[in-house]
Amino acid sequence: MPDSYSESEEYQIRQEKLEKLEQRGIDPYPHNFNKIQTVAEAVDLFVDDPDEELGETVKVAGRIRRRRLHGKAAFADLVDHSGQIQLYLSARYLDDSEQFDLFNELLDIGDFIGVQGELFKTNEGEISVVVRNFKILSKGLRPLPEKFHGLKDTELRYRKRYLDLLDNPEVRELFLQRSQFVSGLRNWLENRNFIEVETPMMQTLAGGAEAEPFITHHNTLDLDLYLRIAPELFLKRLLVGGFEKVYEINRNFRNEGISTRHNPEFTMLELYWAYADYKEIMVLTEQLLSSVIEQFNPELITEYQENSIDWNTPWERLTIEQAIERHTGIELNSEMSVEEIRKLAETNGYQLEPADSSEAQIFELFETAVEKQLIDPTFIIDFPASLSPLAKRHRNAPERAERFELFAGGLEVGNAYSELNDPREQKENFLRQTEDSSKIDSDYIEALEYGMPPAGGLGLGIDRLVMLLTNSASIRDVILFPLLQPLSRED
RNA sequence: GAGCCGGUAGCUCAGUUGGCCAGAGCAUCGGACUUUUAAUCCGGGUGUCGUGGGUUCGAAUCCCACCCGGCUCACCA
């Protein structure tokens, strides 16, 4: 959609208003304003005293969102981050009566102003400021979206999130909640002596997950680099380095499809805890999430789409086979071949692509048939070792890994293992993934050779958890600026 | 990548058996108004109907291609 507004009459009129302000010696974009209260604080200052017409003097700043002009009087709604307050203007009260015409003729909805005046209550009972003087703080050249219906167009909401935030209070509330959720996670971890660290986003090898990386280039070094797909291998190097409890909350980048559950850049919490195993990580995960979610939902029950999610602990723990049997009725046993599993799935109504191994086939059946049905938080445990190259083998079942994934609301939201710290096995697993031994992270193997303590690790998908907490159907609704195609490649 | 749905004024939206309309509300502009609050009243219409072709006497409407978005699927453990 081309920007035709910049050629519109309205835009020209606003430009002219701007010029007129400057002709009168008024800076439409001054450097500061020393407000004394927020709008909400000003409203709170009001005291109903029948003996006094006017109350406390206040000095507030904000954006004009609505105006009601009445000839020789004017009302306006001034909005800041804390709330809204009505302004009343009349030449009778203004220190400089000429400011009245200025307000009527040269200001618009959307402009920022700072005002000073006294509190009073109108006949209609609304706490208001009778304005003694005001200062233009920023002149708007474009009209804000309509006051009543707000901004609905999905594309505009994502492209111009600032308008979405201005116009849709629930969107603003959602991102406040996201912020509080992340800070709740940090507080919980800090209280347990986890330390937050930052590891490279630009890596010479994109390890720690199976995903297509973004490639970038360092000019001076003439070096291709990958944006990280996971911080895992660096965080575990820190365990080698002697830290025992570390975490990182930051972006990962995966060069893959975009969907309601996938954004190319997304936020992960990864944590590593020396001397713990995946069972202890399970308990930690329950405690961490239930404790932070409780701050938003004391009942620990959140509504998500048609379902409600019960976050009360303990959470169910099922092996993949148990989960498949529970949710599809299909009984599997470890002897079955790829073909047998596929046939069995098909007779139960699930079409599967042939996989490389029985384990992989079972996992695929799980993904197509079971995942969406895992509404209450559920740990799916003991993944096939062949699909878990960074995890330790199960202590009682060598074909299994000590690994779980956490599902809730039908979404995969977490992944964890007892971390593999045997350098020989790690090297074998790497080599199994690629024929090209130069592509394996031999520096990581070397680090393990110095000795990494046994440890449990966890990854949580923050965006998806926020989706669940805010009942958002799309990951784009919980990311302030989701990736979209540019409108024009020429820009 | 495939399928389906959508794109009309700054915003929210009407408008297809192809032709009387290119429209409404808000915003905006002109006027009236000294306590309004979705202010009210009177008067203006601001447009590449996503883009480009085509069919037709005539296209917002039908056809083709493309762009952008949404959903579903695929991909992504």
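The analysis underlying the following values was restricted to heavy atoms, covering all of them including side chains, and did not include hydrogens, waters or symmetry mates. Reminder, nothing fancy here: chain letters follow the sequence lines and each chain counts from 1.
- A/Lys392 has no carboxylate O lying under 4.0 Å from a charged side-chain N of A/Asp422, or vice versa, which leaves the two without a salt bridge.
- Distances shown here put a side-chain N or O of A/Gln485 below 4.0 Å from the OP1 or OP2 atom of B/C68.
- As judged by a 4.0 angstrom heavy-atom cut-off over every strand, A/Phe363 is placed among residues touching the sugar-phosphate backbone only.
- Considering A/Leu89, A/Val129, A/Leu78 in turn, A/Leu89 is the only one that fulfils the side chain to side chain contact (heavy atoms under 4.5 Å, CB included) rule with A/Phe134.
- One cannot find a donor-acceptor pair under 3.5 Å joining the base of B/U46 and the side-chain atoms of A/Glu10.
- In terms of phosphate contacts, A/Arg68 brings a side-chain nitrogen or oxygen within less than 4.0 Å of OP1 or OP2 of B/A39.
- Relative to the side chain of A/Gln86, the nucleotides B/U37, B/C71, B/C29 differ in distance, and B/U37 lies closest.
- Picking from B/U35, B/C29, B/C73 the nucleotide with the shortest atom distance to the side chain of A/Ile13 gives B/C29.
- Taking atom P in both B/C64 and B/U12, one finds a spacing of 29 Å when rounded to whole Å.
- Phosphate contact (OP1/OP2 of B/U37, side-chain N/O of A/Thr122, threshold under 4.0 Å): absent.
- Cation-pi geometry between A/Arg403 and A/Phe383 is satisfied (NZ or CZ under 6.0 Å from the ring centre, within 45° of the ring normal).
- Within the 4.0 angstrom heavy-atom criterion, no nucleotide atom of any strand lies near A/Pro384.
- Nucleotide B/G6 forms a Watson-Crick or G-U wobble pair with B/C68, both donor-acceptor distances falling under 3.5 Å.
- Here, B/U28 and B/G69 have their P atoms 31 Å apart, quoted to the whole Å.
- Distance from the side chain of A/Glu146 is smallest for B/G25 among the nucleotides B/G69, B/U37, B/G25.
- Contacts of A/Phe383 with the nucleic acid, taken as non-hydrogen atoms under 4.0 Å apart, are absent.
- Ranking B/C13, B/A39, B/C71 by closeness to the A/Lys152 side chain, first place goes to B/C13.
- Residue A/Arg261 places its side chain closer to B/C73 than to any other of B/C11, B/C73, B/U28.
- Among the nucleotides B/U28, B/U34, B/U37, the one closest to the side chain of A/Ser90 is B/U34.
- Aromatic ring centres of A/Phe75 and A/Tyr88: separated by under 6.0 Å.
- Residue contacts for A/Glu405: at a heavy-atom cut-off of 4.0 Å it reaches the sugar-phosphate backbone alone, with no base atom in range.
- Only the P atoms considered, B/G47 is 16 Å distant from B/C29, to the nearest whole Å.
- Between A/Arg476 and the phosphate of B/C71, there is a side-chain N or O to OP1/OP2 separation shorter than 4.0 Å.
- With C1' as the reference atom, B/A38 and B/G25 are 11 Å apart, rounded to whole Å.
- The side chain of A/Glu124 approaches B/U37 more closely than any other nucleotide in the set B/U37, B/U12, B/C29.
- Between A/Lys72 and B/U36 there is no side-chain polar atom (N or O) within less than 4.0 angstrom of OP1 or OP2.
- Rounded to whole Å, the P atom of B/A9 lies 25 Å from the corresponding atom of B/C66.
- Taking the C1' atom of each, B/G23 and B/G15 are spaced 7 Å apart, rounded to whole Å.
- Base pairing of B/G1: its partner is B/C73, meeting the Watson-Crick or G-U wobble criterion (both donor-acceptor distances under 3.5 Å).
- For A/His70, counting side-chain heavy atoms from C-beta on, the closest listed nucleotide (B/A27, B/C33, B/G69) is B/C33.
- The shortest distance between the side-chain N/O atoms of A/Ser128 and the OP1/OP2 oxygens of B/U35 is not below 4.0 Å.
- Of the candidates B/C71, B/C68, B/U36, B/C68 carries the atom nearest the A/Arg159 side chain, counting heavy atoms from C-beta on.
- Residue contacts for A/Lys121: at a heavy-atom cut-off of 4.0 Å it reaches no nucleic acid atom on any strand shown.
- Nucleotide B/A32: paired with B/U40 (Watson-Crick or G-U wobble, both distances less than 3.5 Å).
- Counting atom types as modelled, A/Glu126 pairs no side-chain N or O with a base atom of B/U35 as donor and acceptor under 3.5 Å.
- The aromatic rings of A/Phe379 and A/Trp315 are tilted relative to each other, their planes meeting at an angle between 30° and 60°.
- Using atom C1' as the reference point in both B/U8 and B/C71, the two lie 23 Å apart (nearest Å).
- Distance, A/Glu155 CD to B/C71 P: 12 Å, rounded to whole Å.
- Ring geometry, A/Phe366 versus A/Phe407: the interplanar angle exceeds 60°, so the pair is classed perpendicular (tilted spans 30 to 60°).
- Across all strands shown, B/U12 is found opposite B/A24 as a Watson-Crick or G-U wobble partner, with both distances under 3.5 Å.
- When the P atom is used for both B/A65 and B/U16, the distance is 25 Å, rounded to whole Å.
- A cation-pi contact, defined as under 6.0 Å to the ring centre and within 45° of the axis, links A/Arg67 to A/Phe103.
- A salt bridge is defined here as a Lys NZ or Arg NE, NH1 or NH2 lying under 4.0 Å from an Asp or Glu carboxylate O, and A/Lys139 with A/Asp111 meets this definition.
- Among the heavy atoms of the strands lying under 4.0 Å from A/Phe120 is at least one base atom, whether or not backbone atoms are also near.
- Using a 4.0 Å heavy-atom criterion, one finds that A/Ser388 contacts no nucleic acid atom at all.
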